[in-house]
S.K.: 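Following this message is one structure expressed as structure tokens.
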Amino acid sequence: MKQTIAVAVSLALSAAYANAAPATAKPNAAEAQRFLASTEAKFDKLNLDQARAEWVGSNFITDDTEAIAAYFGELALTASGEAALQARRYNGLKLKPDEQRKLKLLQLSLMLSDPKDRAAYASARAALTGAYGKAKYCPKNADGSEAACMPLGELEKILATSRDPAKLLDAWSGWHMQAASYKQRYADFVQLSNKGAREMGFADTGSLWRSQYDMPPEAFAAEMERLWQQVKPLYDSLHTYARHKLRAAYGPDVVPPTGPVPAHLFGNMWSQTWDNIYPLLKPEQGASSFDLSKVLEERKTTAKEMTQYAERFYTSLGMQKLPASFWERSLLTKPRDRDVVCHASAWPIDGKDDVRIKMCINPTAEDFTVIHHELGHVYYFLGYQNQPVLFRNGANDGFHEAIGDTVALSITPSYLKQVGLMNEAPDPKADIGELLRRALSKVAILPFAYSVDKWRWDVYSGKTQPADYDKTWWQLREQYMGVKRPAPALPNGFDAGAKYHVPADVPYARYFLADLLQFQFHRALCREAGYTGPLHQCSIYGNEKAGKKLQAMLEMGVSKPWPEALKAISGEDRIDGQALLDYFAPLKAWLDEQNRQLAAQAK
């Protein structure tokens, strides 16, 4: 999910600063309050302009729209940086807690004082996003002529559906080679970003990112490692089982008995989720034959109808209907006449009711889940719209990703039956199959979501130089994920850049945190709903009591440190992987027994 920059202010702030007390005068509380009021009053204008420019730039990819997005990005960078520097002046004053928090949030920003640097930064950011969106793989025919070019969406379909390792390798390699064309621009961007972070007193951009979690950056890094070690045993069991099944499907020449598994075999371009290979991994017994994708396709479910299913879930919790403008202005299907960034995203255009989705929705089970997720962002936008401008964001970025995923955990057989997509609830004995299917998404992504930003932290710190981008990327993927590059490394390769969030400069730790938070939220909301059965069978659909609890947390925005928001919904003030482990406990026991049996058979 890509959001517009939450903290963006008008260049007119410069005029406001000129009217403020001179820098040599001793600051006071009244001056700080005037500064904050002036800053927030001018937020909306540039935030709106930039959101619209980025919307157009993502939906009509041309050199002109790229330049427009870069222009407004530069304005936002300039204004937010100036505001951050001015905010420093009031540190140490005795102010109200809300005012102190606003000053702190303002200072979590890049600042490039040189206008040429700001222009280069904004231009590079727009160009990188545009290059990713326009990238296509153009394979060669047997006679050497160029075949039809394939965008990412078509290549992803091959990864998802083919069981021919040669075709999988071609699609995987074809996409990954595209990123090399913008490697140097990314390396230049890293240097500019670091310069802006250092101007604000941070060691580098990675340190700035880690400072956004209401704790010191080194403490956040340690917290991420603690959480990973907590859930690693479950991932290891899943990975071991997947290896056995992939080896059976593709043979020992393709899948080794030990060590990392080739990355192109997991049904996903980045091996981050494995649900597309569920047919290869499903239990011989205890698996439901229900296929949601087949039902949606047979019913010719439109993109709008897919979105309406998700909307009805949120309204069943007592939340409002989506504004009429949502349906008028969102992009729900891929246009035939132009390039767009199809990566699903939610957009708070004006900070109020103009909320949108940009997603190329297909009638699949995956997109059914994704649209529930994206509307989680939208309802978060709507929930905190009455907060002051500086507090209109998630408690932390992991919260923003977790809301929709929490709702998606309630896409259970009972929910599907209630909304008419499943005629008969499956046999309760099919629970293992459903848990496995969900683990292929929720558990498989954990080490990927962790390692993406571990890689970037090293890039931003200078520990990893451009010449070693691929080397470090694959070292981390082998260490944490147990997957390897399926072909020799390319000269000057940039495999990390084949993942949208890297060229788009979107932090990824949020997805790791969200994957854990959603299970804490789900457990808390199920308790609020009075549910006492197995956690994986709980759906809060239609429960307004649970919805009220969720809505109260959404309305807080980022007005309080995130542990307070977590406590408001769950009663806990620390992120903990135990809820996820409890949810998948029956699967863990089953996986361990399967692995024992499969290992014995292999001897």
Side-chain angles (χ1 to χ4, degrees), residues 1 206-240 270-274 373 394-406 408-409 435 438-458 475-483 501 506-525 535-536 553 561-585 587-588 591:
M1 198 295 291
S207 179
L208 186 157
W209 285 2
R210 297 191 300 276
S211 297
Q212 295 174 346
Y213 293 95
D214 293 303
M215 63 177 68
E218 61 275 10
F220 179 72
E223 188 72 353
M224 290 282 284
E225 181 65 22
R226 177 189 71 81
L227 290 167
W228 164 243
Q229 292 299 330
Q230 187 179 15
V231 298
K232 182 178 182 294
L234 175 58
Y235 176 82
D236 288 345
S237 294
L238 183 65
H239 183 275
T240 300
W270 309 278
S271 316
Q272 67 182 68
T273 54
W274 307 346
H373 167 90
N396 68 38
D397 52 11
F399 275 66
H400 232 303
E401 297 299 333
I403 299 306
D405 281 352
T406 299
L409 289 176
L435 278 171
R438 182 151 279 170
L440 296 178
S441 171
K442 301 297 183 181
V443 178
I445 197 175
L446 287 166
F448 179 78
Y450 181 28
S451 60
V452 170
D453 273 2
K454 276 190 71 70
W455 178 83
R456 280 194 288 195
W457 296 344
D458 285 348
Q475 284 176 342
L476 288 169
R477 298 196 75 190
E478 290 187 19
Q479 176 185 351
Y480 287 97
M481 297 178 64
V483 304
H501 298 72
V506 178
Y508 215 82
R510 63 185 62 181
Y511 300 102
F512 180 81
L513 298 177
D515 219 41
L516 301 176
L517 283 167
Q518 64 191 262
F519 289 94
Q520 280 184 275
F521 293 169
H522 180 63
R523 181 174 61 188
L525 294 176
L535 191 56
H536 64 275
M553 193 270 283
W562 66 260
E564 294 187 37
L566 177 58
K567 194 164 188 176
I569 190 172
S570 70
E572 302 154 343
D573 58 8
R574 193 180 191 192
I575 302 175
D576 182 21
Q578 190 57 49
L580 178 145
L581 296 177
D582 290 347
Y583 185 98
F584 287 110
L587 177 66
K588 177 68 163 61
L591 286 171

S.K.: Which heavy atom in Phe584 sits nearest to a heavy atom in Val443, and how many Å separate them?
M.R.: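 So the two residues come closest at CE1-CG2, 3.8 Å.
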S.K.: Taking the side chain as C-beta and beyond, is there a heavy-atom pair between Phe448 and Phe512 under 4.5 Å?
M.R.: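 No, side chains not in contact.
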S.K.: Tell me, with the steps shown, if Lys442 and Asp405 meet salt bridge (Lys or Arg N to Asp or Glu O under 4.0 Å).
M.R.: CA-CA 10 Å; Lys442 301 297 183 181; Asp405 281 352; 3.7 Å; yes
S.K.: Under 3.5 Å, side chain of His239 to main-chain N/O of Gly482, donor-acceptor pair present?
M.R.: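 Confirmed, His239 side chain pairs with Gly482 backbone.
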S.K.: Is any side-chain heavy atom of Arg510 closer than 4.5 Å to one of Asn396?
M.R.: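 Contact flag for Asn396/Arg510 side chains = no.
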S.K.: Do the side chain of Arg226 and the main chain of Ala222 share a donor and acceptor less than 3.5 angstrom apart?
M.R.: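 Pair absent, no side-chain N/O of Arg226 close to backbone of Ala222.
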S.K.: Using the ring centroid of each side chain, check whether Trp274 and Tyr235 are separated by less than 6.0 Å.
M.R.: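 Under 6.0 Å, so yes.
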S.K.: Measuring from atom OG1 of Thr240 to atom CG of Leu591, what distance do you get when rounded to the nearest 0.5 angstrom?
M.R.: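 One gets 9.0 Å once the value is rounded to the nearest 0.5 Å.
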S.K.: Apply salt bridge (Lys or Arg N to Asp or Glu O under 4.0 Å) to Glu564 and Lys567, showing your working.
M.R.: CA-CA 5 Å; Glu564 294 187 37; Lys567 194 164 188 176; over 6 Å; no
S.K.: Got a donor-acceptor contact below 3.5 angstrom from the Arg438 side chain to the His536 backbone?
M.R.: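 Pair absent, no side-chain N/O of Arg438 close to backbone of His536.
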S.K.: Is the shortest side-chain heavy-atom distance between Leu517 and Ile403 below 4.5 Å?
M.R.: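 SC-SC contact between Leu517 and Ile403 ruled out.
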S.K.: Taking NZ, NE, NH1 and NH2 as the nitrogens, is one of them in Asp236 or Lys232 under 4.0 Å from a carboxylate oxygen of the other?
M.R.: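 Judged by the 4.0 Å cut-off on N to carboxylate O distance, Asp236 and Lys232 do form a salt bridge.
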S.K.: Roughly how far apart are His522 NE2 and Ser570 OG, rounded to 0.5 Å?
M.R.: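 Spacing of NE2 (His522) from OG (Ser570) equals 14.0 Å.
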S.K.: Is the shortest side-chain heavy-atom distance between Gln475 and Trp455 below 4.5 Å?
M.R.: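 Sidechains of Trp455 and Gln475: no contact.
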S.K.: Does the ring center of Phe399 lie less than 6.0 Å from the ring center of Phe521?
M.R.: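 Between Phe399 and Phe521, the centre distance is under 6.0 Å.
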S.K.: Mind checking what makes side-chain hydrogen bond (donor to acceptor under 3.5 Å, both in side chains) contact with Gln520, not counting sequence neighbours?
M.R.: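 Expected list: Glu572.
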S.K.: If you take all heavy atoms of Ser237 and Lys588, which pair is closest and at what distance?
M.R.: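 Nearest pair, atom of Ser237 first, then Lys588: OG-CE, 3.3 Å.
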S.K.: How many angstroms lie between OG in Ser451 and CD in Glu478, if you round to the nearest 0.5 Å?
M.R.: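 Separation between the atoms: 11.5 Å.
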S.K.: Side-chain contact, heavy-atom cut-off 4.5 Å: Trp270 with Met481?
M.R.: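 Contact flag for Trp270/Met481 side chains = no.
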S.K.: Is there side-chain contact between Arg477 and Pro447, with heavy atoms separated by less than 4.5 Å?
M.R.: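 Not touching, per the 4.5 Å side-chain cut-off.
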S.K.: Measure centre to centre between the rings of Tyr508 and Tyr450, then say whether the value is under 6.0 Å.
M.R.: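 No, the ring of Tyr508 stays outside the 6.0 Å limit from the ring of Tyr450, centre to centre.
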S.K.: Do Tyr583 and Arg523 get their side chains close enough for a donor-acceptor pair, meaning under 3.5 Å?
M.R.: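 There is no such pair between these side chains.
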S.K.: Find the distance between CG (Leu238) and CG (Leu587) and round it off to the nearest 0.5 Å.
M.R.: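 If we round to the nearest 0.5 Å, Leu238:CG and Leu587:CG are 7.0 Å apart.
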S.K.: Determine the minimum heavy-atom distance between Asp397 and Tyr213, stating which atoms define it.
M.R.: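 Looking at all heavy atoms of both residues, the shortest contact is OD1-OH, 2.6 Å.
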S.K.: Is any side-chain heavy atom of Glu401 less than 4.5 Å from a side-chain heavy atom of His373?
M.R.: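 Of all side-chain heavy-atom pairs linking His373 with Glu401, at least one is under 4.5 Å.
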S.K.: Side-chain contact test, heavy atoms from C-beta onward, threshold under 4.5 Å: evaluate it for Val231 versus Leu516 and give yes or no.
M.R.: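 In short, these two side chains touch, coming nearer than 4.5 Å.
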S.K.: What residues form a side-chain contact (heavy atoms from CB on, under 4.5 Å) with Pro216, not counting sequence neighbours?
M.R.: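 Listed in chain order: Glu218, Ala219.
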S.K.: Which is it for Gln229 and Glu225 under the side chain to side chain donor-acceptor pair (under 3.5 Å) test, yes or no, and what are the steps along the way?
M.R.: CA-CA 6 Å; Gln229 292 299 330; Glu225 181 65 22; 2.8 Å; yes
S.K.: Can you give me the closest heavy-atom contact between Asp515 and Leu580, atom names plus distance?
M.R.: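 For Asp515 and Leu580, the tightest heavy-atom pair comes out as O-CD1, 3.8 Å.
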S.K.: For Ile575 and Leu566, work out which heavy atoms get closest and say how close.
M.R.: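 Scanning both residues, the minimum pair turns out to be N-CD2, 3.9 Å.
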S.K.: Could you report the tightest heavy-atom contact between Trp209 and Asp453, atom names first, then the distance?
M.R.: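 Of all heavy-atom pairs spanning Trp209 and Asp453, the closest is CZ3-OD1, 4.0 Å.
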S.K.: For the residue pair Tyr511 and His501, confirm or rule out a side-chain donor-acceptor distance under 3.5 Å.
M.R.: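 A pair is found: one side chain offers a donor N or O, the other an acceptor, under 3.5 Å apart.
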